[in-house]
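These notes concern the structure reproduced below.
Everything numeric in this text was worked out from a predicted model, so none of it was measured.
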Amino acid sequence: MSAHGTGDGRARILVAEDEFLVYLALEDELRAKGYDIVGPFGSLDATRAALKQERVDLVLLDINMGGHMAWPIADELIARNIPFIFLSGYAADTLPERYRAMPRLAKPYDPQMLQGEIRRLLAR
């Protein structure tokens, strides 16, 4: 098995996103680039449960899911050394200080920028 992904070398990306249309666009783009998708998970509880059961290489994390901020999930990902990208309409300066240096793409996101960030994080 490769360092990232399944036995066939495909990286597994968990999508934590509560807007289904955003998820559908992400799914199409990620599958077209050869990634395996885990999700969608539209709540903190569902995301937390999936992280306990699934092996993932990277997480796309909506900051606000159903009115709940995703900080506990971000903290868990940091503790487990799982790379993630915040996807959000929130400006970087509105985030708690400890998350401001984390990769973040504003919605609506640029698909090429998203792919570049994913490749960069998976390569490390």
Can you tell me how far [atom2] of [Y] sits from [atom1] of [X], rounded to the nearest 0.5 angstrom?
X	Y	atom1	atom2	result
Ile37	Arg31	CD1	CZ	5.0 Å
Arg120	Leu58	CZ	CG	10.0 Å
Arg10	Asp36	CZ	CG	4.0 Å

Grab the two heavy atoms, one from [X] and one from [Y], that are nearest each other, plus how far apart they are.
X	Y	answer
Ala50	Leu14	CB-CD1, 3.9 Å
Asp18	Gly66	OD2-N, 2.7 Å
Arg48	Pro72	NH2-CB, 3.5 Å
Leu105	Leu114	CD1-CA, 3.4 Å
Lys107	Val22	CE-CG1, 4.5 Å

Backbone N or O of [Y] within a donor-acceptor pair of the [X] side chain at under 3.5 Å?
X	Y	value
Asp62	Met65	no
Glu19	Leu21	no
Arg100	Asp93	yes
Arg12	Arg55	yes

If hydrophobic clusters are built by linking Ile, Leu, Val, Met, Phe, Trp and Tyr wherever their side-chain heavy atoms come under 4.5 Å apart, do [X] and [Y] end up in the same one?
X	Y	value
Ile63	Val15	no
Met102	Leu77	yes
Val59	Tyr35	no
Tyr23	Leu60	yes
Leu61	Val56	yes

Min side-chain heavy-atom separation [X]-[Y] under 4.5 Å:
X	Y	answer
Tyr99	Asp75	yes
Pro96	Met69	no
Trp71	Leu44	no
Ile78	Arg98	no
Leu51	Arg80	yes

Could you list the donor-acceptor pairs under 3.5 angstrom formed by side chains in residues 82-90, with sequence neighbours left out?
residue : atom : partner : partner atom : Å
Ser88   : OG   : Tyr90   : N            : 2.9
Tyr90   : OH   : Asn64   : ND2          : 3.0

**Prompt:** Under 6.0 Å from the CE atom of Met113, do we count more than 12 heavy atoms belonging to anything else shown?
**Reply:**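 Not more than 12 within 6.0 Å, no.
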**Message:** Exactly one of Leu30, Asp57, Leu26 should register a side chain to side chain contact (heavy atoms under 4.5 Å, CB included) with Ile13. Which one does?
**Reply:**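 One option only clears the test, and that one is Leu30.
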**Message:** Please evaluate residues Glu117 and Tyr109 with respect to the criterion side-chain hydrogen bond (donor to acceptor under 3.5 Å, both in side chains), reporting the C-alpha separation (whole Å), side-chain torsions for both, the decisive distance (0.1 Å), and the verdict.
**Reply:** CA-CA 12 Å; Glu117 276 297 296; Tyr109 61 90; over 6 Å; no
**Item:** From CA spacing to verdict: side-chain contact (heavy atoms from CB on, under 4.5 Å), Glu29, Lys33
**Value:** CA-CA 6 Å; Glu29 291 166 22; Lys33 295 295 184 183; 5.8 Å; no
